[in-house]
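Just so it is clear, the model here is predicted, and its values are computed rather than measured. Both counts, for ligands and for their atoms, begin at 1 and track the order of listing.
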Amino acid sequence: MLLFSTDIDGTIYDGPDSARTFSDFWNGLRSRPSPPLLAYNTGRSIDDTLRLISETHLPSPDYLIGGVGTEILHPETGQLLEDWTATLRSGWDVAKVESLVADEAEEIEQQPEECQNPFKSSWFWHGKTRQDIDRLQERLDRGGLEAQVVYSSARDLDVLPLKANKGNAIAWLAESLGVDLDRVAVAGDSGNDASMFLVDDVYGIIVSNAESSLPAAVSGARIFHSARPCVEGVIEGLTRLLVS
Ligand code: GLC
Ligand code: MG
């Protein structure tokens, strides 16, 4: 493994102890001869994630992918990878997306301002089925909006440019770093993680507390389903990979 792309909440983090557990494990890997790179890949914004890292024992990552694959930060230099942002622009019109979603989806509520960014329109839409989500996707398609709908935790709806999402972001980052996808591992627990597991050739870890729709959405040969929750499941999955 040369690059590990992991979701944070519910995957490596569910409170202070989990952060310490992950940090101890990861620092052990960092002391090896050729340590892998760490990329957090989260629905949180970059700012919110940096705050969480500063308040917990979570190790500083080599890359931070925030906003469900819509922004990539190289923390060491503080630079946002603008080449990634530039690829998201074509065909994306956030104002049109917002008005179509507000018109078409009933009982939907916009998430707070700090959860929005120019390439991520986020909403609370409770208890929707696959069909509800597919129907909204069809409406966006018919409206000519080049947008994708990502649904997580039976509550969070993100509408993103077609080229965004966590999986496309990590595939782009791996390519720009010259890392082959079969040397990439990913881990996650909810709907917005599905795209990471769908990247060809990656090794995936699904933790036992994952939402039930995730395994069904991503069944594939290189996926390890841990019987353990959160960070314990991640450590089990990475350990198996590293000794194999
Ligand atoms: C995080 C973000 C939220 C998003 C959710 C699912 O909770 O804060 O905006 O909808 O992840 O991707
Ligand atoms: Mg999660």
Let me have the donor-acceptor pairs involving side chains of residues 53-70, under 3.5 Å, with sequence neighbours excluded, atom names and distances please.
from : atom 1 : to   : atom 2 : distance (Å)
S54  : OG     : R51  : O      : 2.8
T56  : OG1    : L52  : O      : 2.9
T56  : OG1    : L58  : N      : 3.2
D62  : OD2    : L38  : N      : 2.8
T70  : OG1    : G67  : O      : 2.7
T70  : OG1    : N117 : ND2    : 2.9

Subset of ligand 1 atoms that lie under 4.0 Å from at least one heavy atom of G43: 1 (C), 2 (C), 8 (O), 11 (O)
Residue and atom names of protein N/O/S atoms that fall under 2.8 Å from the Mg ion (ligand 2): D7 OD2, D9 O, D189 OD1
Atoms in ligand 1 with a heavy atom of N192 nearer than 4.0 Å: 6 (C), 12 (O)
Short side-chain donor-acceptor distance under 3.5 Å, N27 and S23: yes
Under 4.0 Å to a heavy atom of D156 - the qualifying atoms of ligand 1, by number: 5 (C), 6 (C), 10 (O)
Flag side-chain contact, heavy atom, 4.5 Å: V159 against V94: no
Numbering as shown, the atoms of ligand 1 that approach K120 to under 4.0 Å (heavy-atom distance): 3 (C), 9 (O)
Atoms in ligand 1 with a heavy atom of V68 nearer than 4.0 Å: 12 (O)
Protein residue, atom and distance nearest to atom 4 (C) of ligand 1, heavy-atom basis: D158 OD1, 3.4 Å
Euclidean distance, I46 CD1 relative to I72 CD1, rounded to 0.5 Å: 8.5 Å
Ring geometry between W172 and W84 (parallel below 30°, tilted from 30 to 60°, perpendicular above 60°): tilted
Over 12 non-hydrogen atoms of neighbours within 6.0 angstrom of CD in E175: no
Atom 3 (C) of ligand 1: the protein heavy-atom neighbour that sits closest, reported with distance to 0.1 Å: Q111 OE1, 3.2 Å
Pair S45, D48: side-chain N/O donor-acceptor within cut-off below 3.5 Å: no
N or O contact, R44 vs ligand 1, cut-off under 3.5 Å: no
S5 and N41, any side-chain heavy atoms less than 4.5 Å apart: yes
S226 side chain near S208 side chain, heavy-atom distance below 4.5 Å: no
D14, T11, T21 screened by side chain to side chain contact (heavy atoms under 4.5 Å, CB included) with C230, the one that passes: D14
